[in-house]
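Step one of this worksheet: look at the structure below.
Note that ligands are numbered from 1 as they come in the structure, with each ligand's atoms numbered from 1 the same way.
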Amino acid sequence: MQLTNLLHIQKPIIQGAMARISKPVLVGAVSNAGGLGVLTTTDSSAQLLQSDLKAIRQATKNPFGVNLMLQQPNISELLPVLLANPVPVVFTSAGNPAPFLKDLLDVGTLVIPVIPSVKIARKMADIGASAVVAEGMESGGHIGIETTMTLVPQVAEAVKIPVIAAGGIGTQAGVKAAFALGATGVQVGTAFLVAEETPVADNYKQLVIQANDNGTVVTGTGANRVRSLKTPLTEKLLATIDSDTFNQLSSGSLQRAISGDIEHGTFMAGQSAGMITKIQPAKAIVTELNKGVPTIIEELF
Ligand SMILES: Cc1cc2nc3c(=O)[nH]c(=O)nc-3n(C[C@H](O)[C@H](O)[C@H](O)COP(=O)(O)O)c2cc1C
């Protein structure tokens, strides 16, 4: 099934959730542009989620998504809100949505897990996920090990549900490539980081724009591997062996970046930062990326 039909959207361009960044203003702008905006809930209470959902519904009549990052401690507080007042789509990440997947499907919410491997993609398809996001390590934020180029075609081969490609896609050519690999849509984070509608300090956006092809670095291990822009803090983190010191330096550091603290912030961004050249409205980013979507399958070859 076409992703646009499944999600009832015009353009198969999904704005990936960004912790503390993809707030209602961005979500509404992306969904109004015909893509799918996705709300972050990392720092939400039940009350904040309710007011965010109200703000999004006031901003757009189009479908939108909500992200549950399953390492968050607030999931049990947020789920009742999503079940009482169902949203079109929930994107889960960093964990297994099995305990509540059926509850969400039962209230009419599509559930789309972000996955890092074929094995997990198969498992998600088996338990009834509506689609999967296959995210490669080119992405900004928390990352897996595999690349988008190799992961997407293997996942597309392994499952029958729609596959959305994520990681390193920031241009029309990237979108076209994702479809050639078997994806039926794309999820993009870094390109939307510099949208006019994000609550990110101007110096964060300028660092993304100035970044070149080697502008990012990966810090941390296991579930804590994070890709961000090279800054004084990432140099310190890479040189830190002691885990307590590492945790102390990184705790709260995304929020410090959002506030523009160059010395102490973690400026999460993906490798596509090297291709991003300007701040623009989310609508322009959706429109530009959508030009890479093939209109007929023959266009791919
Ligand atoms: C600053 C930042 C924060 C992110 N936070 C989250 C998050 O809270 N939850 C999540 O599932 N993905 C998160 N991501 C990943 C994005 O949703 C998306 O999958 C990814 O950015 C796609 O790769 P790209 O950065 O190359 O476009 C984040 C990405 C960035 C850049």
Give a yes or no on whether [X] atom [atom1] has more than 12 heavy-atom contacts from other residues, nucleotides or ligands under 6.0 Å away.
| X | atom1 | value |
| --- | --- | --- |
| E235 | CD | no |
| M275 | CE | yes |
| K283 | NZ | no |

Please indicate whether any nitrogen or oxygen in G141 is less than 3.5 Å from any nitrogen or oxygen in ligand 1.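 So ligand 1 has no N or O lying under 3.5 Å from an N or O of G141.
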Is D106 salt-bridged to K102, going by a charged N under 4.0 Å from an acidic O?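 Counted as a salt bridge, because a side-chain N and a carboxylate O are separated by less than 4.0 Å.
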Salt bridge or not for D52 and R57, using N-O below 4.0 Å?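 Here D52 does not pair with R57 in a salt bridge, since their nearest N and O are not under 4.0 Å apart.
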Near [X], which atoms of ligand 1 are under 4.0 Å from a heavy atom of that residue?
| X | answer |
| --- | --- |
| M69 | 9 (N) |
| G168 | 24 (P), 26 (O) |
| M268 | 1 (C) |
| T190 | 21 (O), 24 (P), 25 (O), 27 (O), 31 (C) |
| Q187 | 17 (O), 18 (C), 19 (O), 22 (C) |
| V188 | 27 (O) |
| G167 | 22 (C), 23 (O), 26 (O) |
| E135 | 15 (C), 18 (C), 19 (O), 20 (C) |

Please tabulate, for the side chains in residues 208-223, all donor-acceptor contacts under 3.5 angstrom to protein atoms that are two or more places apart in sequence or on a different chain.
unit_1	atom_1	unit_2	atom_2	d
N212	OD1	N214	N	2.9
N212	OD1	G215	N	3.3
T216	OG1	R227	NH1	3.0

Tell me, which protein residue and heavy-atom name are nearest [atom], and how many Å apart are they?
| atom | result |
| --- | --- |
| atom 29 (C) of ligand 1 | G140 O, 3.4 Å |
| atom 5 (N) of ligand 1 | A19 N, 3.0 Å |
| atom 23 (O) of ligand 1 | S139 OG, 3.2 Å |

Would a single hydrophobic cluster contain both F91 and M69, if residues Ile, Leu, Val, Met, Phe, Trp and Tyr are joined by side-chain heavy-atom contacts under 4.5 Å?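 Different hydrophobic clusters.
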When you measure from atom 28 (C) of ligand 1 to each heavy atom in A166, A17, S93, which option holds the nearest one? A17
Consider only side-chain N and O atoms of S31 and T60, and report whether a donor and an acceptor are under 3.5 Å apart. no
